[in-house]
> 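Dumping the structure here so I can ask a few things about it.
Bear in mind the structure is a predicted one, so any value in this text is a computation, not a measurement.
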Amino acid sequence: MKYKFSLIQSTSLVVGNVVGAGILMLPASLAVYGSFGIFGWMITSLGAIMLGLVFASLSQHFTKTGGPYTYVKEVFGKFAGFQTAWIYWLANTISNIGIAIAFVSYLSTVFPEIAETPLYGFLISLGCIWLVMLLNCLGLAIFARLQVLMTLAKIIPLIFIGAVGIFYVDWNNVYPFQISAGYSVKTVILSTISLSIFSFIGIESATIPSENIKNPKKVIALATILGTSIAAVIYMWIHLVIMGILGTETLATSPAPFAQAASKIFGDQVGTLIAIIAAFATFSTLNGWMLLQGQLPMAAARDGLLPKIFGKVTKKGAPVFALLTSTILMSGLVFMNYQSSLVNQFTLIINLTSFSILLPYFGCSLAELRLLLKQPARDFKKFILPLAISLLALSYTVLAIIGVGWESALLGIGLIALGMPLYWYMQR
């Protein structure tokens, strides 16, 4: 018998995976462009909601484990499915490093020697990654219960800071909206869109372990829509508050913007407490993402697109080999970049991830559009709204892909190329 996630547990998986390192670290990365950059986050919030609706619709057609991989494979075939699984798995592996860096960054505000000595940060990042992997090996039942508690523990402080912090906002830091020197309106919008998509990675989380969700056709759609909407509201509110309190110049160089804003409101002691809560929040996010790091390769292995060993699970439902492989890869990437500053490391991870994660989103938007157009008899009233949503989601992903720039695009193409020998080998 497989353990089945409830609606609350499925929604907490979406919210827990989306609300994490993005809200805690991205304000600093976006502040470089000035207060006008908030419009990029607004566009991304709307785009994320459209994508969430696309995933909710696709979950009505396919209930097999795999999420984006399954949707693209079923609509466009094995080759497209493999590319989606491969790039999604690599992108999530890289983005998980960003989450681990955010964890260390917030701990460094409590223990400054972590930021001063890169080796300490490296060792703590490794410890965090391996601990989360071991927690996921305990099985789905324990994971699901832990994820609900962890999500509540990090959402409540965020809401509290947002509610109190609005009274401490200096609106001169926000309006009139300013663009940093050397940037144009077009550059700021495209750049902030491509950066802020990192904060919404995870809206598809409930679709991936779909075979482990009760009444998947109903629960996955509802959990995806609820989780994405909750995350979008929290993101926009918190970003506005933090920018208004700190200002873009201070924010752009802050290693822990959420804790620094809390210190201005409540004093340094509370700021330290918030930093600890924020570190816990990133740990919770990493816990949720580690689940997907095992589930997606497992689904691809069952379809013969990855070696069978990736599909093997323990009696408690944990794909240990897939989890172990992902963790070893993450550990190596952390080691390669541990000498850089924490803020620079995080921004680099975002740039590495954005293009790669946008490709599966683009593929799923195309899959939804193709399914709509293939319907033999269409009720215009029921057809036009889903069509508009899929076109908006597709347009957003194209805009975001343009915004990431040619360097990130070339890197993403390179990651795709790395998987080609494996695909040819598996087909033989």
Side-chain angles (χ1 to χ4, degrees), residues 5-27 30 38 40-59 67 95 99 102 143-166 196-210 213-216 218-243 258 274 277-278 280-289 291-292 357 361 389 392-393 396:
F5 289 49
S6 66
L7 174 61
I8 292 176
Q9 291 171 336
S10 301
T11 304
S12 72
L13 179 61
V14 177
V15 176
N17 282 5
V18 174
V19 180
I23 188 59
L24 298 173
M25 292 292 288
L26 261 181
L30 294 174
I38 197 170
W41 210 329
M42 288 180 181
I43 294 171
T44 294
S45 296
L46 293 174
I49 291 172
M50 294 300 105
L51 284 167
L53 292 170
V54 165
F55 282 117
S57 177
L58 288 169
S59 70
S95 68
I99 298 171
F143 166 85
R145 297 183 183 107
L146 277 176
Q147 188 67 9
V148 172
L149 294 175
M150 288 181 174
T151 300
L152 287 173
K154 69 179 177 181
I155 291 297
I156 291 173
L158 285 171
I159 294 173
F160 178 72
I161 292 294
V164 176
I166 195 69
S196 55
I197 187 58
F198 180 87
S199 62
F200 281 99
I201 293 174
I203 55 178
E204 71 286 355
S205 295
T207 70
I208 293 178
S210 57
I213 293 179
K214 296 177 183 177
N215 191 8
K218 178 181 179 181
V219 171
I220 292 174
L222 191 54
T224 300
I225 294 169
L226 282 175
T228 305
S229 301
I230 291 169
V233 171
I234 290 175
Y235 272 145
M236 291 307 306
W237 186 266
I238 294 296
H239 183 70
L240 180 67
V241 168
I242 291 179
M243 179 183 290
F258 196 82
I274 293 297
I277 293 173
F280 173 80
T282 57
F283 183 86
S284 165
T285 302
L286 187 59
N287 185 54
W289 274 110
L291 171 76
L292 307 190
I357 202 66
Y361 289 176
I389 289 171
L392 286 171
Y396 168 74

> As an exercise, state the distance from OG of Ser57 to CD1 of Ile220, rounded to the nearest 0.5 Å.
12.5 Å
> Under the side-chain contact (heavy atoms from CB on, under 4.5 Å) rule, what do Tyr361 and Ile203 come out as? Steps first, then yes or no, please.
CA-CA 10 Å; Tyr361 289 176; Ile203 55 178; 4.0 Å; yes
> Partners of Leu392 by side chain to side chain contact (heavy atoms under 4.5 Å, CB included), sequence neighbours excluded?
Met50
> Is any side-chain heavy atom of Ile166 closer than 4.5 Å to a side-chain heavy atom of Trp237?
yes
> Would you say that Leu46 contacts Tyr396 through its side chain, given a criterion of any heavy-atom pair below 4.5 Å between the two side chains?
no
> Holding to side chain to side chain contact (heavy atoms under 4.5 Å, CB included), I want the full list of residues that pass it with Ile8, two or more places apart in sequence or in another chain.
Ser6, Val148
> Give the minimum heavy-atom separation between Ala48 and Thr228, together with the two atoms involved.
O-CG2, 3.5 Å
> Just jot down the side chain to side chain contact (heavy atoms under 4.5 Å, CB included) partners of Thr11, sequence neighbours excluded, or say none.
Leu7, Val15, Ala223, Leu226
> With rounding to the nearest 0.5 Å, note down the distance linking OG1 in Thr224 to CG in Leu51.
11.5 Å
> Does Ser45 have any side-chain hydrogen bond (donor to acceptor under 3.5 Å, both in side chains) partners at least two apart in sequence or in another chain, and if so, which?
none
> Taking only residues two or more places apart in sequence or in another chain, which ones pass side chain to side chain contact (heavy atoms under 4.5 Å, CB included) with Val233?
none
